[in-house]
2 protein chains.
Amino acid sequence: MTTPQPRQEGRWTRRKNARPAELLAAALDLFVDRGFAATRLDDVARRAGVSKGTLYLYFESKEELFKAVIRGGLVPAIERGERMVEGHTGSLAELLEKIILGWWQEVGNSQLGGIPKLMFAEAKNFPELARFYYQEVISRGYRLLGRVLDEGQRRGEFALVETDHATRIVLAPLVFLLLWRHSFDVCDSRRIDPETYLRLHMSLILDGLRVRTMVPAAAHVG
Amino acid sequence: MTTPQPRQEGRWTRRKNARPAELLAAALDLFVDRGFAATRLDDVARRAGVSKGTLYLYFESKEELFKAVIRGGLVPAIERGERMVEGHTGSLAELLEKIILGWWQEVGNSQLGGIPKLMFAEAKNFPELARFYYQEVISRGYRLLGRVLDEGQRRGEFALVETDHATRIVLAPLVFLLLWRHSFDVCDSRRIDPETYLRLHMSLILDGLRVRTMVPAAAHVG
DNA sequence: TAAATTCCTGACTCATAAGTCATTAATTTT
DNA sequence: AAAATTAATGACTTATGAGTCAGGAATTTA
């Protein structure tokens, strides 16, 4: 069927030795702002300063490249958070603030901040990857925060609340800020100042937690 | 160049008259759980019980179909919310609860709940659509909530806070719950009960708002 | 400096899915 | 019931981009 091989002889210049780290960085940039499907490997290669073929010397497929990007991304940040919790002495409100602001410095402000959006967008299409991400990043993040809240309740510093729910409520505005920056930010005329936003969030949530808060009996809604 | 037209004569059966609403519903389903790029028009057509060609009788292109799906989706829900705010008498905490729970009933629990994820995922790739969605849904939603918070502050029911930030902090856990359900929900062993989650959120946030809360002077962080 | 080795290149193949249109079924008009 | 009109069909065209690989550049070895 195929009548191949009078392959045109080429004259080209070899560019440089590829660095896997650079390939991953280029891929992260593009995946983050175009999504998985819309990212062309040609572009990733160009951005990394190599040819498409080279990419395939390092990664079996686009999907493997994607996995590698995700894998290398947030796990180290989570680990640093875990170490921070272990070594902390002092009030748990302080620890909570330290975690939140540190997270913003490391993740929010960096290119890594784009990963959550990417994962939310692709989770349904890559169930296996979603599970990986859930186990290695999300659930560890929750566990970390959950430990802080539990300890706070044990010590009487925080009111008694359902920890699983509370961790999500604490995290939501952080993740939300991240998603925002990587999606609608450009449409938004009155940009949010992350620092102020996060301080307000912490202030509100700590007030809510510190005060003796029992979930009120069913609200009066039609 | 092209040597066309010995087009094979076909024998086929006409299926039914297309209903635009059904086409939109089918498209919504698929867009929501596969994303824009990964959704094939062949599949949309099949789900709606028509052929691909029929789709093009009603929508100029895949992108136009997408826009139509979004347009028909959340704008009416926002409008109902606006009417609710106009007609309300009573405490603003009550109104806030009414809005949040009503929103969950209408949007969160329905197929519409998938749209926010979809929009976050595609915003960067469809700037024009993102702007449309921002103007027609997001900013109106914020304005709606903002009015409630402002009025609460005016009446002295709520503490004085930066409204723009506070609206986002109030909304974040709601949107977050939605995104979650349409992405990682399947990975999560301990499913979140939306009702409980939302009640805790409202309780925490209202505590935070009601108490005399001034953003504390810069925290003591390294 | 020639041969062997390493590793990169980009034209090419091929699968996929958006978008087209000649054709045909159903319906309405005359 | 024939003609005219309307509304669907799906095989076909075509653009795109993932993945391949024969061949060439740089480097190392002999």
Side-chain angles (χ1 to χ4, degrees), chain A residues 1-24 26-27 29-31 33-69 122 125-126 129, chain B residues 1-24 26-27 29-31 33-69 122 125-126 129:
Chain A
M1 235 151 273
T2 47
T3 353
Q5 273 95 19
R7 204 172 270 258
Q8 172 178 322
E9 81 191 53
R11 191 98 349 212
W12 50 275
T13 49
R14 178 178 168 140
R15 290 210 269 275
K16 64 170 183 182
N17 271 33
R19 293 295 153 78
E22 284 173 18
L23 305 184
L24 287 175
D29 287 350
L30 291 175
F31 279 144
D33 79 41
R34 308 240 254 265
F36 180 75
T39 295
R40 282 166 304 180
L41 291 187
D42 261 324
D43 290 344
V44 173
R46 182 160 339 112
R47 175 176 286 236
V50 300
S51 73
K52 187 161 57 147
T54 304
L55 236 40
Y56 281 87
L57 295 171
Y58 292 84
F59 304 97
E60 267 205 341
S61 66
K62 191 183 185 183
E63 196 166 333
E64 285 303 321
L65 173 61
F66 186 69
K67 289 185 190 177
V69 166
E122 307 293 349
N125 294 93
F126 298 91
L129 190 56
Chain B
M1 232 150 276
T2 46
T3 353
Q5 273 95 17
R7 204 171 268 258
Q8 173 177 322
E9 80 192 54
R11 192 100 347 218
W12 49 274
T13 49
R14 180 180 167 134
R15 290 211 268 275
K16 65 170 181 181
N17 271 32
R19 294 296 154 79
E22 283 173 16
L23 305 184
L24 287 174
D29 287 351
L30 291 175
F31 280 144
D33 80 39
R34 311 241 252 263
F36 180 74
T39 296
R40 281 166 304 179
L41 290 187
D42 260 324
D43 291 344
V44 173
R46 181 160 339 111
R47 174 176 288 235
V50 300
S51 73
K52 185 160 59 146
T54 303
L55 236 40
Y56 281 88
L57 261 34
Y58 292 85
F59 305 97
E60 268 207 339
S61 65
K62 190 183 185 183
E63 195 166 332
E64 284 304 319
L65 173 61
F66 187 68
K67 287 185 191 179
V69 166
E122 306 293 350
N125 294 94
F126 298 91
L129 190 57

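Bear in mind that the values here come from a model prediction, so they are computed numbers and not experimental data. Residue numbers start from 1 in every chain, and the chains themselves are labelled A, B, ... in the order their sequence lines are given, proteins ahead of strands.
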Rounded distance in Å - [atom1] ([X]) to [atom2] ([N]):
{"X": "A/N17", "N": "D/dT28", "atom1": "CG", "atom2": "C1'", "result": "13 Å"}
{"X": "A/L65", "N": "D/dA18", "atom1": "CG", "atom2": "P", "result": "11 Å"}
{"X": "B/F59", "N": "C/dG19", "atom1": "CZ", "atom2": "P", "result": "13 Å"}
{"X": "A/L57", "N": "D/dT20", "atom1": "CG", "atom2": "P", "result": "11 Å"}
{"X": "A/L55", "N": "D/dA18", "atom1": "CG", "atom2": "P", "result": "10 Å"}
{"X": "B/E63", "N": "C/dA17", "atom1": "CD", "atom2": "C1'", "result": "16 Å"}
{"X": "B/E60", "N": "C/dA18", "atom1": "CD", "atom2": "C1'", "result": "14 Å"}
{"X": "B/R46", "N": "C/dA17", "atom1": "CZ", "atom2": "P", "result": "11 Å"}

Return the residues of residues 36-44 of chain A meeting this criterion: a heavy atom under 4.0 Å from some atom of DNA chain C. Order them by number, or give none. none
Set of residues satisfying ring-ring contact (aromatic ring centres under 6.0 Å, His included) with respect to A/Y56, sequence neighbours excluded: none
Which residues pass the ring-ring contact (aromatic ring centres under 6.0 Å, His included) test with A/F59, sequence neighbours left out? none
Quick one: which of [options] gets closest to the side chain of [X]?
{"X": "A/S61", "options": "D/dG19, C/dG10, C/dG19", "result": "D/dG19"}
{"X": "B/Y56", "options": "D/dA25, D/dT9, C/dG19", "result": "C/dG19"}
{"X": "B/W12", "options": "D/dA18, C/dT23, C/dC8", "result": "C/dT23"}

A/S51 OG to A/L57 CG distance, which is reported to the nearest 0.5 Å: 8.0 Å
Starting at CD of A/E22, measure out to CG of A/N17 and round the result to the nearest 0.5 Å.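 It is 10.5 Å, given to the nearest 0.5 Å.
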Show, in sequence, the C-alpha distance, side-chain angles and deciding distance for B/L65 and B/L24, and conclude whether the side-chain contact (heavy atoms from CB on, under 4.5 Å) test is met. CA-CA 8 Å; B/L65 173 61; B/L24 287 174; 4.1 Å; yes
Under 4.0 Å: is that the gap between some side-chain N or O of B/R15 and OP1 or OP2 of D/dG10? yes
Under 4.0 Å: is that the gap between some side-chain N or O of A/S51 and OP1 or OP2 of C/dC8? no
On the 0 to 90° scale, with breaks at 30° and 60°, tag the A/F126-A/F66 ring pair as parallel, tilted or perpendicular.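 Judged by the thresholds at 30° and 60°, the geometry between A/F126 and A/F66 is tilted.
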Look at all strands and tell whether B/Y58 reaches a base, only sugar-phosphate, or nothing, counting heavy atoms closer than 4.0 Å. sugar-phosphate
Taking only distance into account, with no hydrogens and no angle test, what donor-acceptor pairs under 3.5 Å do side-chain atoms of residues 41-49 of chain A form with protein atoms, sequence neighbours excluded?
residue : atom : partner : partner atom : Å
A/D43   : OD1  : A/R46   : NH1          : 3.4
A/D43   : OD2  : A/R34   : NH2          : 2.7
A/D43   : OD2  : A/R40   : NE           : 3.2
A/D43   : OD2  : A/R40   : NH2          : 2.9
A/R47   : NH1  : A/D29   : OD2          : 2.9

B/K67: side-chain hydrogen bond (donor to acceptor under 3.5 Å, both in side chains) partners, not counting sequence neighbours: B/E128
Using every non-hydrogen atom in the two residues, find where A/F31 and A/K62 come nearest and quote the distance to one decimal.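 Scanning both residues completely, I find the closest heavy atoms to be CE2-CE, 4.3 Å.
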For B/K52 and B/T13, take the nucleotide of DNA chain C holding the closest heavy atom to each; which residue's nucleotide lies nearer the 5' end?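 Checking each residue's closest nucleotide, the 5'-ward one belongs to B/K52.
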Identify all pairs in which a protein N or O lies below 3.5 Å from an N or O of nucleotides 4-6 of chain D, and state each distance.
none

